[in-house]
Amino acid sequence: MGADGVHEGIRRIVRMIPAGKVATYGQVAAIEGKCTPRMVGYAMAGIPAGSDVPWYRVINSRGTISFPAGSDGHETQRALLESEGVEFDERGKVDLSRFGWEGPGVEA
DNA sequence: AGATTGACTGCAT
DNA sequence: CATGCAGCCAATC
């Protein structure tokens, strides 16, 4: 493993997210400190299925899933989050003030 | 090597 | 809250 410093850093942050909570792409990028939200999304897309990285705990700044409603990824992500106790409102949005991850130094 | 795109964000309108 | 524009950096063509 090695050479993918960008992906590795991002994956490490995502793995720190506690169950039942969610983090935004900007949050992960800010915690990582050296990558941009764009790269976080790109790194997520590069994560293979069955990986130990809870990519589904990463959503966009509005607290909504970044996939188009009705797509397979969208329903999968929502189902996984609900199974961990995350609540979605009628618009499929998550209350970041309740389920938003504070950071690695709070829960970890 | 240059242009295009992308699981984004923030500010302005 | 929706839409538009700019900034961001890596992967892809």
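Just the heavy atoms: all of them, side chains too, but no hydrogens, waters or symmetry mates, feed the values below. In the text below, chain A, chain B and the rest are named by the order of the sequence lines, each starting its count at 1.
Atom CG in A:D52 sits 9.0 Å away from atom CD1 in A:I47 (nearest 0.5 Å).
For A:D89, the CG atom sits in a packed shell: over 12 heavy atoms of surrounding residues, nucleotides or ligands are nearer than 6.0 Å. More than 12 heavy-atom neighbours from other residues, nucleotides or ligands sit within 6.0 angstrom of CZ on A:R15.
Summary of the strand contacts: A:Y42 and A:P37 both lie near DNA chain B, and taking for each the nucleotide with the nearest heavy atom, the more 5' one is attributed to A:Y42.
Residue contacts for A:K93: at a heavy-atom cut-off of 4.0 Å it reaches the sugar-phosphate backbone alone, with no base atom in range.
When rounded to the nearest whole Å, the span between CG of A:L96 and P of B:dT9 equals 10 Å.
Taking every nucleotide of DNA chain C with any atom under 4.0 Å from a non-hydrogen atom of chain A, the first and last of them, 5' to 3', are C:dC1 to C:dT12.
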Where do A:L81 and A:F88 land on the side-chain contact (heavy atoms from CB on, under 4.5 Å) test, with the steps shown first? CA-CA 9 Å; A:L81 290 174; A:F88 284 79; 3.6 Å; yes
Could you walk me through whether A:E32 and A:M39 pass the side-chain contact (heavy atoms from CB on, under 4.5 Å) check? CA-CA 11 Å; A:E32 216 287 339; A:M39 279 285 70; over 6 Å; no
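Closest approach of A:C35 to A:A29, counting heavy atoms only: O-CB, 3.5 Å. Residue A:I59 comes nearest to A:T64 through the heavy atom pair CB-O, 3.5 Å, listed as atom of the first residue, atom of the second, then distance. A:M16 approaches A:P104 most closely through the heavy-atom pair SD-CB, 3.6 Å.
Only A:R62, listed by number, bring a heavy atom of residues 45-79 of chain A to less than 4.0 angstrom from any atom of DNA chain C.
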